[in-house]
Amino acid sequence: MAATAFAAEHAYAFTDADFRFLREFVAAKCGIALGEHKRQLVYGRLARRLRALGLSSFAQYCELLRREPEAELDALVSAISTNVTAFFREAHHFEYLADELLPKLLAARGGRVRIWSAGCATGEEPYTLAMVLAEALEKHGAADARILATDISPQALDAAQRGSYRMDRLDDVDATRRRRWFLRGTGRYAGQAMVHPRLRELIAFRPLNLLEAWPMRGTFDAIFCRNVVIYFDKPTKERLFARFAGQLAADGHLFLGHSESLYGMSDAFRLVGRTIYRRSAA
Ligand SMILES: C[S@@+](CC[C@H](N)C(=O)[O-])C[C@H]1O[C@@H](n2cnc3c(N)ncnc32)[C@H](O)[C@@H]1O
């Protein structure tokens with residue numbers, strides 16, 4: 001869209017130079033590649049932020065980012081990225097985990113299991129992992145099992161840590177699990193469901209930008225990084241997949257989103273199921 005037509009239709013001036021700066025800033029800081037067609041979306045999402053900050057143009061907002069890049073980064077990322085998620089999203093991944101992977105891990109490793117939900121958004125993914133893991137642990141007996149759940153967005157992580165969801169968010173959780181793993185709110189919490197404390201015990205929530213250094217020392221048996229790299233450019237994806245391979249146990253698994261693939265991106269993995277990869281022997 002021509003800059004002049006754009007300006008005429010919008011309350012805040014948003015020039016080509018502003019958009020170019022924002023694209024470069026977001027790509028460098030969090031790997032999200034905003035195509036030319038995202039201009040309207042960027043305007044819509046950030047106009048609210050400009051209003052909240054009392055700014056009158058995108059040029060002023062870009063200036064703020066130049067001056068205090070780290071202070072504004074969280075709000076910018078939360079505004080730009082989408083946190084859409086669901087319990088048991090791509091259910092076949094959790095069937096594979098329950099039927100194939102966990103029985104093997106629990107038998108072979110003396111019950112040590114480490115899973116990473118990388119880009120956990122508002123928590124539905126790690127709590128789904130925790131339900132499947134808790135059920136496997138009941139069958140196999142005590143074990144040293146933990147889930148790390150990380151996200152770049154502090155708002156999403158806050159919601160994840162609260163672990164309280166509207167009842168209609170539980171539509172994809174079967175009735176047995178709903179009864180077992182959620183506590184129904186009453187009184188002022190009516191219509192809400194709180195995750196069972198047993199699920200919380202299994203998860204550590206931490207802020208983490210996947211493009212920066214990772215503090216974890218040990219390896220993981222499985223990494224779920226689903227519907228996150230979809231926004232990243234190819235070199236960023238290639239680097240990230242190489243780092244995932246290095247952070248996985250020798251036969252560790254990587255689970256990607258339904259529209260994501262390692263094809264042409266990495267030869268460190270082989271496909272073992274729909275969007276399920278196993279680390280190849282080095
Ligand atoms: C669409 S959600 C996916 C949630 C969940 N994995 C799923 O598949 O349902 C994408 C998440 O990736 C996070 N994200 C985007 N860029 C990131 C980065 N550079 N580092 C860490 N998390 C990031 C976003 O904050 C968002 O919560």
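We're numbering straight along the sequence, starting at 1. Being a predicted model, the structure only gives us computed values, none of them experimental. Atoms within a ligand are numbered from 1 in the order they appear, just like the ligands themselves.
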What residues, two or more places apart in sequence or in another chain, satisfy ring pair (Phe, Tyr, Trp, His ring centres under 6.0 Å) together with Tyr127?
->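 Only Phe205 meet the ring pair (Phe, Tyr, Trp, His ring centres under 6.0 Å) criterion with Tyr127.
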
Listed by chain and number, what are the ring pair (Phe, Tyr, Trp, His ring centres under 6.0 Å) partners of Phe87, not counting sequence neighbours?
-> Tyr165, Phe182

Output block, N or O contacts of ligand 1, threshold 3.5 Å exclusive:
unit_1: ligand 1; atom_1: 6 (N); unit_2: Gly119; atom_2: O; d: 2.8
unit_1: ligand 1; atom_1: 6 (N); unit_2: Glu125; atom_2: OE1; d: 3.0
unit_1: ligand 1; atom_1: 6 (N); unit_2: Arg226; atom_2: O; d: 2.9
unit_1: ligand 1; atom_1: 8 (O); unit_2: Arg89; atom_2: NH1; d: 3.2
unit_1: ligand 1; atom_1: 8 (O); unit_2: Arg226; atom_2: O; d: 3.0
unit_1: ligand 1; atom_1: 8 (O); unit_2: Asn227; atom_2: ND2; d: 2.7
unit_1: ligand 1; atom_1: 9 (O); unit_2: Thr85; atom_2: OG1; d: 2.5
unit_1: ligand 1; atom_1: 9 (O); unit_2: Arg89; atom_2: NH1; d: 2.7
unit_1: ligand 1; atom_1: 19 (N); unit_2: Cys30; atom_2: O; d: 3.1
unit_1: ligand 1; atom_1: 19 (N); unit_2: Asn209; atom_2: OD1; d: 3.1
unit_1: ligand 1; atom_1: 20 (N); unit_2: Leu210; atom_2: N; d: 2.9
unit_1: ligand 1; atom_1: 22 (N); unit_2: Ile152; atom_2: N; d: 3.4
unit_1: ligand 1; atom_1: 25 (O); unit_2: Asp151; atom_2: OD1; d: 2.6
unit_1: ligand 1; atom_1: 27 (O); unit_2: Asn83; atom_2: ND2; d: 2.9
unit_1: ligand 1; atom_1: 27 (O); unit_2: Asp151; atom_2: OD1; d: 3.3
unit_1: ligand 1; atom_1: 27 (O); unit_2: Asp151; atom_2: OD2; d: 2.7

Evaluate the ring pair (Phe, Tyr, Trp, His ring centres under 6.0 Å) criterion for residues Phe224 and Phe94: first the C-alpha distance (whole Å), next the side-chain angles of each, then the deciding distance (0.1 Å), finally the verdict.
-> CA-CA 11 Å; Phe224 281 68; Phe94 302 100; 5.8 Å; yes

Residues pairing under salt bridge (Lys or Arg N to Asp or Glu O under 4.0 Å) where one sits in residues 84-97, two or more places apart or in two chains, turn out to be none

Give the intermediate values and the outcome of ring pair (Phe, Tyr, Trp, His ring centres under 6.0 Å) for residues Phe58 and Phe21.
-> CA-CA 10 Å; Phe58 275 76; Phe21 172 80; over 10 Å; no

Mind checking whether Tyr43 and Tyr12 have parallel, tilted or perpendicular rings, split at 30° and 60°?
->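 Ring orientation of Tyr43 relative to Tyr12: tilted.
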
